[in-house]
Amino acid sequence: MVSDVIHANELYKVDPVFGQISFNNHEQIVFCNDKDTGLKAIIGIHNTVLGPALGGTRMWNYNNEWEALNDVLRLSRGMTYKSAVTGLNLGGGKAVIIGDAKTQKTPELMKKFGEFVNGLSGKYITAEDVGMETADMDLVREVTPYVTGISESKGGAGNPSPITAFGVYMGMKAAAKFKFGSDNLDGKSVLVQGIGHVGEALVDHLTKEGAKVIISDLNQERLEAVSKTYGASIYNGNDLYSESVDIYAPCALGATVNNDTVNKIQAKIIAGAANNQLANEQEHGLILQERGIVYAPDFLINAGGIINVYAELEGYGKQEIMRKTENIYNTTLDILTNAEVNGITTHEAALQVAKARIENRKKENNK
Ligand code: NAD
């Protein structure tokens, strides 16, 4: 979700674009403006060594343009490493549209955005993110082929959330194997924070395996419905991070592992779907390592969604999507083991794999 770690005042102090705290040698940043539709968007292309930069479009009512720029820079960088560590031939990109998706999103605005995407001739391929629906991508598809996440009836791969949830489940089982010596989650207590599209599907997998699932969400109605459907218990304390559980699964917002929470967390494993779970990747990753808490890197285990949309480009089917997503288990186990052997954080270990893949491809391309 939108960054809540970097405040606008800090952002003003640096150069407008290349000096931004989240600028990370991005290849291209495109600012899009259209007076008639009110479109104001930023497309961030972080890295295209492995392939076209693929990443969703987020529509959010940012407090200011700095926040929007910061978000697109962070998110596009994250996509580079997510695809690289997953073994996909994709680069990293992301787009943000500044505005309220509920009141300011119109078909004209979406099509205009599509025209900007089209102007990049396939260097950036878009998809859905927060504030976007499949129907919006169908509108973008009317003006450009460089879009994924479109309706199944139009050749799309359908809703990515169940696939994302399956990948998170695989990553969680690998973390359990690493920490407890067995990947069997029967009887393990798992606290799922956020039972939206991904969280609910994760609860389904977990309860089927016999895990003791505790759920938390801001939406009371949803909590009651999910609790009834799956027999999960509703968290009713006031300090979720201090709850003594085996596994904490952040499936709502990013940056929940932060200065306020990192020393309180009692779970033995952190494995969830939310992007950018560590407010500070180095600092908080290190504290988790020192405290013996196994952190399954978010960008590794939540890659099911990108695997799903990649199918639209490569033309593979459901079976291959599931095989690739199931493989998140093996990759996670390898990375957790590497981190231990090399005495580095699990986040760093996953980054190293992603970066090595990009460097190798660069060398091959330069031969
Ligand atoms: P969603 O919007 O469907 O669900 C999010 C849920 O979290 C909602 O039910 C919301 O009420 C709840 N929530 C918000 N703030 C909360 C809080 N403070 N405490 C508890 N609950 C809170 O989103 P989703 O599609 O299920 O995605 C969940 C997370 O996974 C997001 O961070 C998203 O970026 C990430 N993610 C999703 C996908 C995907 O395929 N959908 C892929 C990769 C990553």
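Just so you know, ligand 1 is whichever comes first in the structure, and atom 1 is the first atom listed for that ligand. Values in this document were obtained by computation on a predicted structure and should not be read as measured data.
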(message) Check this for me - ligand 1, His197, N or O atoms closer than 3.5 angstrom, yes or no?
(response) yes

(request) Answer with yes or no whether the side chains of Ser189 and Asp246 bring together a donor and an acceptor at under 3.5 Å. (result) yes

(message) Under a 4.0 angstrom heavy-atom cut-off, which atoms of ligand 1 come close to Gly194?
(response) 7 (O), 21 (N)

(message) Considering Ala273, Ala252, Gly254 one by one, which has a heavy atom nearer to atom 31 (C) of ligand 1 than any of the others?
(response) Ala252

(message) Looking at non-hydrogen atoms alone, which of Leu75, Val198, Thr164 comes nearest to atom 26 (O) of ligand 1?
(response) Val198

(message) Measuring from atom CD of Glu326 to atom CD1 of Ile321, what distance do you get when rounded to the nearest 0.5 angstrom?
(response) 13.5 Å

(request) Classify the angle between the aromatic ring planes of Phe23 and Phe18 as parallel (below 30°), tilted (30 to 60°) or perpendicular (above 60°). (result) perpendicular

(message) Among residues at least two apart in sequence or on other chains, which ones pass side chain to side chain donor-acceptor pair (under 3.5 Å) with Ser227?
(response) none

(request) Measure Asn302 to ligand 1 on non-hydrogen atoms and call it side chain, backbone, both or neither using the 4.0 Å cut-off. (result) both

(request) Report yes if some heavy atom in the side chain of Thr325 is under 4.5 Å from a heavy atom in the side chain of Met170; otherwise report no. (result) no

(request) Look at atom 9 (O) of ligand 1 and find which of Asp217, Ile301, Ile306 reaches it with the closest heavy atom. (result) Asp217

(message) Closer than 4.0 Å to some heavy atom of Ser161 - which atoms of ligand 1 meet that?
(response) 39 (C), 40 (O), 41 (N)

(request) Please determine if Asn275 has a nitrogen or oxygen closer than 3.5 Å to a nitrogen or oxygen of ligand 1. (result) yes

(request) Could you pull out, from Leu218, Leu223, Val226, the option with a heavy atom nearest to atom 19 (N) of ligand 1? (result) Leu218

(request) Please state which part of Cys251 comes within less than 4.0 Å of ligand 1, counting heavy atoms only: side chain, backbone, both or neither. (result) backbone

(request) Name all residues meeting the salt bridge (Lys or Arg N to Asp or Glu O under 4.0 Å) criterion together with Lys324; count only those two or more places apart in sequence or in a different chain, and write none if there are none. (result) Glu320

(message) Do Asn276 and Asp298 pair up side chain to side chain, a donor and an acceptor below 3.5 Å, judged on atom types alone?
(response) no

